[in-house]
Protein chains: 2
Amino acid sequence: MKEGPDIARLAALIGDPARANILTALMSGKALTASELAFEAGVTAQTASSHLAKLADGGLVAMRKSGRHKYFTLANDAVAATLESLMGLAAGSGHLRTRTGPKDAAMRQARVCYNHLAGERGVQMYQAMQAKGFLRHSDDALELTELGVAFVSDLGINLAELPAGKAPLCRDCLDWSARQSHLAGKLGRALLSHFIQHGWAKRQENSRVITFTPKGAQQFDAQFSAPQHHP
Amino acid sequence: MKEGPDIARLAALIGDPARANILTALMSGKALTASELAFEAGVTAQTASSHLAKLADGGLVAMRKSGRHKYFTLANDAVAATLESLMGLAAGSGHLRTRTGPKDAAMRQARVCYNHLAGERGVQMYQAMQAKGFLRHSDDALELTELGVAFVSDLGINLAELPAGKAPLCRDCLDWSARQSHLAGKLGRALLSHFIQHGWAKRQENSRVITFTPKGAQQFDAQFSAPQHHP
DNA sequence: CACATGCTTCGCTCATGATCGAAGTATGAA
DNA sequence: TTCATACTTCGATCATGAGCGAAGCATGTG
């Protein structure tokens, strides 16, 4: 009678309304913080924390710490496939909807992530710097190459002036709107400061939104031309 | 935040141990009575009755009255596919329900997945049919090519005789033991029937295990030679 | 008919776990 | 440092529903 894997344990995990809401929100493919997921699920942060721990323990979601945030994603696409299968059953071959999008188009474009640039612009910068060989992953760390050192110096950033301390120079930061990494760390902070000091972009009051001036956007694109996909 | 199909309700339905046992038992494809299912689930008849009512109400099982008996089956193969998908996740996350008995090895080799062939043999067949160009993915659907039509006709299966209806001819079903797809749908069902009718394989009593005869295995391998991996 | 069998309904007990307030920890900002 | 934010842990409350005994239908058999 008891053949095969323990399906009940897993299904019960998905079967709680709050957890199902969390998983449904994560089906968008974006990485979301614990607070955002608490809001999505309609529960308090404490409750969501408990649920997220259970989901992680059950292997349904993966977690990544970033500063004081915790970003959650679905653990892998097998989980997503199973969820979609369940949605299909629940709706009778129904179709999936796209959950609550990011609040603001401007936020998606460019915003402050604590102290560095995030959003599409941030991702663009990160990818361009990798494509040009300025950034390199080694083990779990992100390094600025010699080429990269020259590049930021040319920009006018003095690496020696950056504050010393345990904080890493370069770091990945997961972007909530683009679901891709962008550049954090002391260098990320320095770059954003640079853009603002040189009038490329401005911070909006009472918001995380960053607005690029036309001229600034041009200069930004010149430095960080988006990687071309096949011709 | 309440959007899309109600996945929680459905998952909670599957998430009860007794109901999960019932559904797992029905994965054998056999129609079982309420009492038999009560025994499989390890609960009393009253409790099983309540569970079965809920499962039927939730559209997971179908019921047919016959005299003073009630025969239950899974509602359709979409349900079976979802359950198999859940088993795959559960097996992956390590929470196997212990007791890897002798039955387990046989189950991995070949078993019934509701009404079609699963396990290593099922995966072998699926991959061979893809490698030989009998099956092809298009968009999200799985199609039988013209070559494939000829192949199954040669086997002695009359596609025109298959029951009409909205059920798909070919469908992916994720194998929980092999973690790869095998063939479900009306064709998958027809193929398994064919193997059994022609004495290639036999179903074991009270189990999902399928045993191939030596001769049957030979014929099976001849038709579905496993794709060779280059050294 | 009486009687047995298969299943269902009722009513009750009881364990599980979802929830949130309050307090605690970690990290970043000023 | 002091404050703010993000998340976690603890403790207590409370609703849900699984489980079963007992009784009630329904449908067979002798």
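Reminder, nothing fancy here: chain letters follow the sequence lines and each chain counts from 1.
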With sequence neighbours left out, what residues match [X] under ring pair (Phe, Tyr, Trp, His ring centres under 6.0 Å)?
| X | result |
| --- | --- |
| Tyr114(B) | none |
| Phe151(A) | Phe134(A), Phe224(A) |
| Phe72(A) | none |
| His51(A) | none |

Check whether any side-chain N or O of Thr44(A) sits under 4.0 Å from OP1 or OP2 of dT19(C), and answer yes or no. no
Quick one: [X] [atom1] to [N] [atom2], roughly how many Å, whole number?
| X | N | atom1 | atom2 | answer |
| --- | --- | --- | --- | --- |
| Arg64(B) | dG6(C) | CZ | C1' | 16 Å |
| Leu37(A) | dA6(D) | CG | C1' | 13 Å |
| Leu32(B) | dG6(C) | CG | P | 15 Å |
| Leu13(B) | dA18(D) | CG | P | 9 Å |
| Glu36(A) | dA6(D) | CD | P | 10 Å |
| Lys65(A) | dG28(C) | NZ | P | 10 Å |
| Lys54(B) | dA18(D) | NZ | C1' | 7 Å |
| Lys186(A) | dG28(C) | NZ | C1' | 15 Å |

Measure across Met125(A) and Leu191(A) and return the closest heavy-atom pair with its distance rounded to 0.1 Å. CE-CD1, 3.9 Å
Any idea which heavy atoms bring Pro17(A) and Ala8(B) closest together, and the distance?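 That would be CA-CB, 3.7 Å.
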Identify the pairs formed between an N or O of the protein and an N or O of nucleotides 1-5 of chain C at a distance under 3.5 Å, and give each distance.
residue: dT5(C); atom: O2; partner: Arg68(B); partner atom: NH1; Å: 3.1

Checking Asn21(A) side chain against Thr24(A) main chain: does a donor-acceptor pair fall under 3.5 Å? no
Keeping Lys70(B) on the side-chain end and Met63(B) on the backbone end, is there a donor-acceptor pair under 3.5 Å?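 No, Lys70(B) side chain to Met63(B) backbone: no donor-acceptor pair under 3.5 Å.
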Go through dC20(D), dA29(C), dA18(D) for me and flag the one nearest to the Arg189(A) side chain. dA29(C)
For nucleotides 8-12 of chain D, give me every protein contact, N/O to N/O, under 3.5 Å, one pair per line with atom names.
residue: dT8(D); atom: OP1; partner: Lys70(A); partner atom: NZ; Å: 2.9
residue: dT8(D); atom: OP2; partner: Ser49(A); partner atom: OG; Å: 2.5
residue: dT8(D); atom: O5'; partner: Ser49(A); partner atom: OG; Å: 3.2

Going by an N to O cut-off under 4.0 Å, is there a salt bridge joining Glu84(B) and Arg171(B)? no
